[in-house]
Amino acid sequence: MDLNGKSGVILGVANKYSIAWAIAEAARAAGARLAFNYQNERLAQSVKELVNDGCPGSICLPCDLGDDDQIDAFFAEVGHQFGGKLDFLVHSVAFANREDLAGRFVDTSRNGFNLALEVSAYTLVAAARRAAPLMEAAGGGAIITMTYFGAEKVIKNYNVMGVAKAALEASVRYLAADLGAQAIRVNAISAGPVKTLAARGISGFSSMLTIAAERAPLKRNVDPREIAQTAIFLASDGGSGITGETLYVDGGYNIIGL
Ligand code: 0WE
């Protein structure tokens, strides 16, 4: 589990509770050189402070993943800073309108559906396409994204995000098939529920954590550091035979039927 001499991009740090941030800290501890994005000037200050504090020496650049020109500019600059090479990419990005994460899925608007799928699934494709030439130059690479069990089974209120995560997981397989010939591996981590900014304010989230811990074989919730260690494994040479997969880091929750 060593990333010495490797360089990576981490997309989706919002604050210190972000899963992306836990992965960044573990990647840095494993010896990686890192580049981060922030979505806009409103978030620039807080992300830069976090990075300068916890991951000094890293690159921090603007990139709204909803804007192709910004994604182009981001990866051009990352390529420039990392000598034309990139070893891994972590994608930890999702968004749905709050009104689409409550009530009935059948009421999802066209705009809400499109937004959730664009931000939560298409951005992986957009980032992978720009990362691929840099990874090919490095002799291969690893792309890791974050998903959730709501992609495959119905979770109350997850609604359009479940459909977006299903699209994300399928995208992982199609990207893995496309990019495998360049020794680029693409995998998803399906994490159990974690208290992040995205999860806070979701009504009933605390009781979801309790129920998940009760039903999981390990009888507890997962720690973001456990998710991060799995991401490091996938990014490291230890994961060299794994691509197109969804790996569960959920204390075993997903294996239980009743
Ligand atoms: O994927 C997620 C979070 C996704 C998410 C959360 C929000 C809340 C704030 C995407 N967009 C938004 N938009 C907002 O305005 N998780 C796996 C955490 C999560 O979110 C849920 C969950 C779980 C678990 C939403 C409903 C039900 C369960």
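Note that the numbering runs from 1 along the sequence shown for the chain. Note that ligands are numbered from 1 as they come in the structure, with each ligand's atoms numbered from 1 the same way. Side-chain atoms are counted along with the backbone in the values below, which use heavy atoms only and exclude waters and symmetry mates.
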Sidechain N-carboxylate O distance under 4.0 Å for D72, R129: no
Ring pair (Phe, Tyr, Trp, His ring centres under 6.0 Å) partners for Y158, two or more places apart: Y148
May I have a table of the N/O to N/O pairs between ligand 1 and the protein that fall below 3.5 Å, each row giving the two atom names and the distance to 0.1 Å?
{"residue": "ligand 1", "atom": "1 (O)", "partner": "Y158", "partner atom": "OH", "Å": "2.7"}
{"residue": "ligand 1", "atom": "11 (N)", "partner": "A96", "partner atom": "N", "Å": "2.9"}
{"residue": "ligand 1", "atom": "11 (N)", "partner": "A96", "partner atom": "O", "Å": "3.4"}
{"residue": "ligand 1", "atom": "13 (N)", "partner": "A96", "partner atom": "O", "Å": "2.7"}

Side chain to side chain donor-acceptor pair (under 3.5 Å) involving Q39 - partner list, sequence neighbours excluded: none
Sequence neighbours excluded, every pair satisfying ring-ring contact (aromatic ring centres under 6.0 Å, His included) that has a member inside residues 63-84: none
Parallel, tilted or perpendicular, as decided by the 30° and 60° cut-offs, for the rings of Y248 and F149: perpendicular
Over all atoms of both residues, closest heavy-atom pair of V194 and L209: N-CD2, 4.4 Å
